[in-house]
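Please read through the structure below; I'll follow up with questions.
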Amino acid sequence: MEDRPGPAPAPISAVEARLVEDGRPVRIVIDDGAVIAIERGSSPPANNLWVSPGWMDIQVNGFGGHDPNRDGAGPGDVVEMVRGLWRSGVTAVCPTICTQSPERMLASLRAVAEACRIDPLVASSIAGIHVEGPHISPEDGPRGAHPREHVRPPDLDEYRQWQEAADGKVAIVTLSPEYAGAAEYTRALVSDAVVVSIGHTAANGDQIRAVVDAGARWSTHLGNGAHAMVPR
């Protein structure tokens with residue numbers, strides 16, 4: 001059988017631009033679609049191109065018409081969402097699974113895990129999964145757009161089901177500290193190296209201090225998903 005040559009590799013090319021950090025001119029060398037060098041430029045480029053490191057978005061509830069939270073979402077939705085984010089400069093992402101029935105949340109988590117298995121490039125961009133809810137305030141205001149009928153107290157068994165469905169990729173959990181047992185739940189997640197973030201909450205100061213002491217470190221969209229007036 002006659003050997004036929006494969007497609008020729010793309011030629012090495014270069015793009016001149018400015019860095020967003022300090023305006024310094026640079027020359028970006030590209031080989032077969034991959035950046036292989038970033039060199040200091042000798043003079044400002046004639047074009048108006050600016051470059052920056054890739055952005056990281058730790059709360060993506062969907063993008064470009066693709067939403068892993070929709071009923072019936074599959075790995076293809078996750079792949080297209082992540083690849084669409086690349087075109088907007090986001091190179092690391094935490095797909096965010098929001099308050100829904102236990103079964104639907106597990107299906108969404110499985111979709112993210114399967115997307116990582118079938119697309120290694122997408123897997124390299126998913127820094128972890130953010131689970132926002134369902135252990136949030138049931139009150140109007142703090143609850144935001146999350147469906148009240150699926151809000152429920154923290155449950156370690158449910159958390160373990162999430163991790164099993166997600167191949168251990170759950171990295172952030174948004175929690176309201178107002179529940180009894182929230183501090184114990186926080187300690188268990190922190191011991192798994194999961195970041196606990198306070199959000200969608202009507203908790204008082206003592207309840208918030210208790211989960212902070214237990215290891216909670218972040219706040220999810222602080223000032224949003226709250227009553228119109230909150231204690232200062």
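Just so you know, these numbers use all the heavy atoms, side chains as well, and skip hydrogens, waters and symmetry mates.
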* **Stepwise side-chain contact (heavy atoms from CB on, under 4.5 Å) check, L109 with V170** => CA-CA 9 Å; L109 291 164; V170 174; 4.2 Å; yes

* To do: Using the side-chain contact (heavy atoms from CB on, under 4.5 Å) rule, pick out the option among V190, T201, T186, V196 that qualifies with V211.
  =>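 Of the listed options, the one satisfying the test is T186.
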
* W55 atom CH2: more than 12 heavy-atom contacts under 6.0 Å ->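 Incorrect, the count does not exceed 12.
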
* Rounded to the nearest 0.5 Å, what's the gap from CG on L85 to CG on D57? Could you check? =>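 So the gap between those two atoms works out to 7.0 Å.
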
* Indicate yes or no for a side-chain donor-acceptor contact from R148 to the backbone of P138 under 3.5 Å, with no hydrogens or angles considered. =>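 Yes, because the side chain of R148 sits within donor-acceptor range (under 3.5 Å) of the backbone of P138.
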
* To do: Spell out, yes or no, whether L156 and V173 are grouped together once hydrophobic residues are joined by side-chain heavy atoms under 4.5 Å, including indirect joins.
  =>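 Result: yes, single cluster for both.
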
* Is there a donor in the side chain of Y159 and an acceptor in the side chain of D192, or the other way round, less than 3.5 Å apart? ->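 Yes - a donor-acceptor pair under 3.5 Å links their side chains.
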
* Audit row: H130, W162, ring-ring contact (aromatic ring centres under 6.0 Å, His included) steps and yes/no -> CA-CA 11 Å; H130 181 174; W162 295 344; over 10 Å; no

* Please test R40 against R24 for side-chain contact (heavy atoms from CB on, under 4.5 Å), starting from the C-alpha separation and ending with a verdict. => CA-CA 8 Å; R40 182 184 295 274; R24 177 163 54 92; 2.9 Å; yes

* Atom pair CG/CD1 of L189 and I172 - distance to nearest 0.5 Å ->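 Nearest 0.5 Å value for the CG-CD1 distance: 12.0 Å.
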
* Asked: When you check the side-chain N and O atoms of H146 and Q100, is any donor under 3.5 Å from an acceptor?
  ->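 Judged by distance alone, the side chains do not pair up.
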
* Which distance, rounded to the nearest 0.5 Å, do you find between the CG of D213 and the CZ of R209? ->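 Output value for this atom pair is 9.0 Å.
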
* Short side-chain to backbone donor-acceptor contact, S108 and P68, under 3.5 Å ->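 Present.
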
* D140/R143 salt bridge by N-O under 4.0 Å criterion ->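 Salt bridge flag = yes for D140 with R143.
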
* Any chance you could lay out the side-chain contact (heavy atoms from CB on, under 4.5 Å) test for H150 and R104, step after step, and finish with the verdict? => CA-CA 11 Å; H150 296 306; R104 185 155 152 190; over 6 Å; no

* Atom OG of S125 and atom CE of M56: how far apart are they, to the nearest 0.5 Å? ->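 Interatomic distance, S125 OG to M56 CE, rounded to 0.5 Å: 10.5 Å.
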
* To do: Return the minimal non-hydrogen interatomic distance between E21 and P53, and the atom names on each side.
  =>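 Shortest heavy-atom separation between E21 and P53 comes out as OE2-CD, 3.4 Å.
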
* Asked: Can you find a pair of side-chain heavy atoms, one from C98 and one from T96, that are under 4.5 Å apart?
  ->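 SC-SC contact between C98 and T96 confirmed.
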
* Asked: Among side-chain atoms of D67 and N69, is any donor-acceptor pair under 3.5 angstrom?
  ->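 Yes, because at least one side-chain N or O of D67 sits under 3.5 Å from a partner of the opposite role on N69.
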
* Asked: Can you check whether E16's main-chain N or O pairs, donor with acceptor, with N47's side chain at less than 3.5 Å?
  ->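 The answer is yes, because a donor-acceptor pair under 3.5 Å joins these two groups.
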
* To do: Please round to the nearest 0.5 Å and tell me the distance separating atom CD1 of I129 and atom SG of C94.
  =>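 Between atom CD1 of I129 and atom SG of C94 there are 9.0 Å.
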
* Asked: Hey, quick one: are I136 and I97 part of the same hydrophobic cluster, counting side-chain heavy atoms closer than 4.5 Å, chains of contacts allowed?
  ->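 The answer is no; the residues belong to distinct hydrophobic clusters.
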
* Nearest atoms (heavy-atom pairs only) where A210 meets A183 ->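 Where A210 meets A183 most closely, the heavy atoms are O-CB, 4.0 Å.
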
* **N-O pairing of D157 and R160 below 4.0 Å** =>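 A salt bridge is present here (some side-chain N lies under 4.0 Å from a carboxylate O).
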
* **Residues H200, E139; criterion side chain to side chain donor-acceptor pair (under 3.5 Å); working and verdict** => CA-CA 9 Å; H200 287 285; E139 297 184 21; over 6 Å; no

* To do: Keeping the roles fixed (side chain from E114, backbone from A111), state whether a donor-acceptor pair exists under 3.5 Å.
  =>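 No, the answer is negative, given that no donor and acceptor are paired below the 3.5 Å cut-off.
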
* Would you name the heavy atoms of P25 and S43 that are closest together and state the gap between them? =>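 Minimum heavy-atom contact is CB-O, 3.4 Å.
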
* Asked: Is there a side-chain contact between V51 and V20, using heavy atoms and a 4.5 Å cut-off?
  ->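 No, side chains not in contact.
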
* Asked: If Ile, Leu, Val, Met, Phe, Trp and Tyr residues are connected whenever their side-chain heavy atoms lie under 4.5 Å apart, and connections chain through other members, are V93 and F63 in the same group?
  ->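 Cluster IDs for V93 and F63 match.
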
* Would K169 and D167 pass as an ion pair if we require N to O under 4.0 Å? ->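 No, K169 and D167 are not salt-bridged.
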
* Path from Y185 to I208 over hydrophobic side-chain contacts below 4.5 Å ->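 No: no chain of side-chain contacts under 4.5 Å links Y185 to I208.
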
* **Heavy atoms from other residues, nucleotides or ligands near CD of E39 exceed 12 (cutoff 6.0 Å)** =>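 Correct, the count exceeds 12.
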
* Could you check V78 against I126 for side-chain contact (heavy atoms from CB on, under 4.5 Å), going step by step and ending with a plain yes or no? => CA-CA 10 Å; V78 180; I126 292 180; 4.1 Å; yes

* To do: Would you mind reporting whether P102 and R152 have side-chain heavy atoms less than 4.5 Å apart?
  =>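 Yes, close enough: below the 4.5 Å cut-off.
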
* State, with a plain yes or no, whether a side-chain heavy atom of I30 is found less than 4.5 Å away from one of I36. =>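 No, their side chains stay 4.5 Å or more apart.
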
* Linked, directly or transitively: M81 and V131 (ILVMFWY side chains, under 4.5 Å) ->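 The answer is yes; both residues are in one hydrophobic cluster.
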
* Euclidean distance, E158 CD relative to Q161 CD, rounded to 0.5 Å ->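 It is 6.5 Å, given to the nearest 0.5 Å.
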
* Asked: Which heavy-atom pair separates A182 from P177 by the least distance, and what is that distance?
  ->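 Closest approach of A182 to P177: CB-O, 3.8 Å.
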
* For the residue pair E178 and S176, confirm or rule out a side-chain donor-acceptor distance under 3.5 Å. =>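 Yes, side-chain donor-acceptor contact under 3.5 Å.
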
* Just by distance, with hydrogens left out, do T91 and W86 show a side-chain donor and acceptor under 3.5 Å apart? ->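 No, because no side-chain N or O of T91 sits under 3.5 Å from a partner of the opposite role on W86.
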
* Report yes if the distance between the aromatic ring centroids of Y179 and H135 is under 6.0 Å, otherwise no. =>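 No.
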
* Could you tell me whether E80 and R83 make a salt bridge, using a distance below 4.0 angstrom between a side-chain N and a carboxylate O? =>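 Salt bridge: no.
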
* Flag, side chain of S197 to backbone of T220, donor-acceptor distance under 3.5 Å ->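 Answer holds: yes.
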
* Are L175 and I198 close enough that some pair of their side-chain heavy atoms sits under 4.5 Å apart? ->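 Contact flag for L175/I198 side chains = no.
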
